[in-house]
Amino acid sequence: MARGEAVFSEFVRGFETRENGFLLQPSNSRDLQQRLFSMLQGCKSMRELARLHAQLLVNGFSQKNFLITKLLSFCVSSNNLYHATQAFDMVKEPSTILCNQMIGAFSRSATPETALRFYNRMRASAMAQPNSFTFAFLLGACAAAGTSLLKQGEQLHARILSAGFGVDVYVQTNLVNMYAAAADSATIEKARKVFDDMPHRNVVSWNAMLAGYLRSGDAPSAFRLFDQMPERNAVSWTTMIAGCAQSGRSRQALTLFREMRRARIGADQVTFVAALSACAELGDLEMGRWIHSRIDRGASVGERRLVSLNNALIHMYAKCGAVQDAYRVFQEMPRRSTVSWTTMIAGLTIHGHGDDALHLFRTMQCMKEAKGEKPDAVTFIAVLNACCRTGRIDEGYRFFEQISQVYGIRPSIEHYGCMVDMLSRAGRLSEAWQLAKTMPMQPNEAVWGALLNGCRARRDVKLASQVVDRLMELELEPAHAAGYLVILSNAYAAAGKWDEVRRVRERMVKMGLSKPPGRSWVHVNGVLHSFVAGDRSHRRASDIYRMVGEIAARAKLEGIAPDTSQVLLDVEEEEEREAFLQHHSEKLAIAFGLISIPDVGEPIRVTSNLCICSDCHSTAKFVSKAFGREIVVRDQNLFHHFVDGCCSCKDYW
DNA sequence: TTAGGGTTAG
């Protein structure tokens with residue numbers, strides 16, 4: 001008896017004596033085969049499948065390839081590779097189709113290289129002749145592995161050509177996809193070569209090429225190809241939308257999303273995921289809500305909503321300042337993944353609900369029975385970040401230890417970065433410095449940046465200058481380098497070290513750096529209004545500046561002095577500094593919100609591209625109290641909810 | 001023995 005048969009003998013014994021109407025002596029073998037075939041086709045569970053499998057064996061059909069094929073189909077679609085392998089191993093002379101099913105299943109598994117191993121076994125034992133399906137699946141396995149199976153993929157390519165399968169559209173498309181999936185300039189050219197040589201392409205071939213261009217930092221080529229496409233389907237549009245959203249072209253992504261609607265191509269769940277990610281990036285709550293309502297309206301009966309679509313909604317709401325809506329989506333999800341929990345934990349944290357975030361994480365840890373909901377490396381980044389924001393250092397250390405000791409994950413530089421950030425914010429600067437110097441990898445920009453932020457808050461000019469030296473050894477984007485030097489110069493200015501201020505300024509000039517302009521946005525009636533510091537281009541500029549003046553005057557009456565410690569270094573006269581402060585883009589956006597958004601309980605939502613300065617922060621607190629308006633400011637890192645004179649960040653950002 | 005391969009893209 002073959003190994004696999006023993007496993008089912010238990011079932012078999014059960015069936016020899018038991019009722020289960022359908023087990024009869026094979027009075028007519030052909031009829032029984034047909035009956036089993038249709039039963040396999042209608043099979044609903046692995047349990048039922050095991051029963052049918054047992055019957056198959058009892059009746060001596062274990063070598064009937066077409067029955068085993070149906071059986072494997074079910075195993076494969078329910079992700080039970082173990083049972084599939086067992087059934088396959090029983091067949092003495094497996095057909096090509098049976099082998100293809102196995103290769104296909106392996107290619108889609110977490111270990112696509114097993115597909116190639118299976119193929120080698122298939123060749124060595126000459127169990128069946130490969131055909132175009134075989135090669136298509138194998139190329140799919142190479143594509144799934146990214147670059148690690150590229151060498152083998154190229155060998156396959158050669159074999160495909162010599163074996164005469166190079167004319168098959170599926171094989172060709174899979175070749176394009178494999179080279180495009182590796183996504184570097186050399187393989188993209190190979191993908192394009194195969195693509196150009198195809199006598200007939202279908203929409204999938206075009207989409208694979210499109211995705212390849214977008215995957216490799218080349219949007220122009222993607223747009224060129226997109227324009228040339230003879231036919232575009234939902235996948236083509238989604239590829240473009242997702243590609244744009246992932247490369248910082250979120251506005252363009254939403255433009256494409258609207259064009260897609262105009263072209264009357266129906267968006268599906270994956271399209272919505274991509275569009276929502278663009279909304280999240282832009283903080284476009286109105287569009288996000290609109291998409292949510294479309295999803296609810298368009299949900300067809302019986303269609304299960306993708307977990308990732310709900311995750312995208314959570315992420316969108318959290319990033320658009322509507323954390324309660326994010327939480328509602330999270331609560332109502334019928335199924336959750338690790339990503340759902342992680343997204344929610346991170347969302348709560350950026351809104352100043354770090355304690356709730358940690359509470360949620362503990363709940364997650366208790367859900368031991370739930371599969372696919374275990375914390376992973378990213379979850380721990382969110383968790384450590386929550387500890388950082390709440391100043392829970394002991395807990396932070398405990399969780400940090402759990403990463404490796406309980407979950408067997410090697411802490412990455414991001415985890416160390418969180419720890420340095422946590423210590424820096426708590427003012428434990430020497431500990432943070434020590435950790436940065438002794439951590440097992442070279443500290444990166446984020447690590448030193450966190451420490452620098454701590455130095456600024458604690459006014460430790462000496463350490464700040466050492467940290468900036470480390471930062472300048474790295475390859476930085478000019479805008480970032482400028483930002484760090486501005487922090488250093490402000491630290492010197494606050495300490496009254498004007499010579500040093502001048503020296504930093506000279507350094508910036510020599511490096512050709514200037515601080516990127518601060519920009520703030522506010523949505524009013526679906527229209528986006530954008531402001532830079534000192535901006536007078538707005539249609540209602542005079543009204544806005546009148547309101548800015550009123551806010552400043554009322555604050556002064558209340559005895560609130562402007563905080564000039566974070567003003568740009570080249571404005572050294574006190575009066576000028578105050579004037580400059582008053583016209584920060586955040587203040588202009590808030591003032592415009594005050595005069596143009598009716599007070600019906602909705603907050604004034606402002607998005608800013610930099611971190612809010614301490615003067616704008618205290619102004620927003622003042623406005624929330626004096627004008628009785630809730631203000632939500634999303635800056636580079638977090639949300640500030642200003643209500644009745646207080647901020648959700650507890651003045652800690 | 002007619003029956004069979006979730007072929008490929010987001």
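Below, read A as the first sequence line, B as the second, and so on, with proteins coming before strands; counting in each chain starts at 1. Any value given below was found using the heavy atoms of this structure, including those in side chains, with hydrogens, waters and symmetry copies removed.
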Quickly work out the [X] [atom1] to [N] [atom2] distance and round it to whole Å.
X	N	atom1	atom2	result
A:Leu256	B:dG10	CG	C1'	13 Å
A:Met198	B:dT8	CE	P	15 Å
A:Met102	B:dG6	CE	C1'	15 Å
A:Gln34	B:dT1	CD	P	13 Å
A:Arg232	B:dG10	CZ	P	18 Å
A:Leu98	B:dT7	CG	P	16 Å
A:Phe74	B:dG6	CZ	P	13 Å
A:Gln101	B:dT7	CD	P	10 Å

Return yes if a side-chain donor-acceptor contact under 3.5 Å exists between [X] and [Y], otherwise no.
X	Y	value
A:Gln101	A:Ser73	yes
A:Thr271	A:Asp268	yes
A:Tyr179	A:Arg192	no
A:Ser337	A:Ser340	yes
A:Arg224	A:Ser221	yes
A:Thr349	A:Asn385	no

For this session: Return no unless some side-chain N or O of A:Arg108 is found under 4.0 Å from OP1 or OP2 of B:dT7.
Result: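 So the side-chain polar atoms of A:Arg108 never come under 4.0 Å of the phosphate oxygens OP1 or OP2 of B:dT7.
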Exercise. Are OP1 or OP2 of B:dT8 and a side-chain N or O of A:Asn177 less than 4.0 angstrom apart?
Worked result: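 Result: no.
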Considering only heavy atoms and no angle criterion, is a donor-acceptor pair shorter than 3.5 Å present between the side chain of [X] and the base of [N]?
X	N	answer
A:Thr271	B:dG10	yes
A:Ser95	B:dG4	yes
A:Asn202	B:dA9	no

Exercise. Around A:Gln228, counting heavy atoms of other residues, nucleotides and ligands shown, do more than 12 lie under 6.0 Å from its CD?
Worked result: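 Correct, the count exceeds 12.
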Looking at every strand, decide which applies to [X] at a 4.0 Å heavy-atom threshold: base, sugar-phosphate, or nothing.
X	answer
A:Asn131	base
A:Ala234	base
A:Ser73	sugar-phosphate
A:Arg201	nothing

Exercise. Using the rule for Phe, Tyr, His and the six-membered ring of Trp, do A:Phe66 and B:dA3 stack at under 5.5 Å and under 30°?
Worked result: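 Yes, the aromatic ring of A:Phe66 stacks with the base.
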Exercise. For A:Tyr170 and B:dT8, are the ring centres under 5.5 Å apart with planes inclined under 30°?
Worked result: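 Base of B:dT8: not stacked against A:Tyr170.
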Exercise. Hey, what's the ring geometry for A:Phe361 with A:Phe380, parallel, tilted or perpendicular (30° and 60° as the breaks)?
Worked result: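 Correct class here is perpendicular.
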Which nucleotide in the list [options] gets nearest to the side chain of [X]?
X	options	answer
A:Val235	B:dA9, B:dA3, B:dT7	B:dA9
A:Asn207	B:dA9, B:dG10, B:dT7	B:dA9
A:Asn233	B:dA9, B:dA3, B:dG6	B:dA9

Problem set entry | Residues touching DNA chain B, which here means a heavy atom under 4.0 Å, drawn from residues 237-254 of chain A |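 Within this stretch, A:Thr238, A:Thr239 sit under 4.0 Å of the strand.
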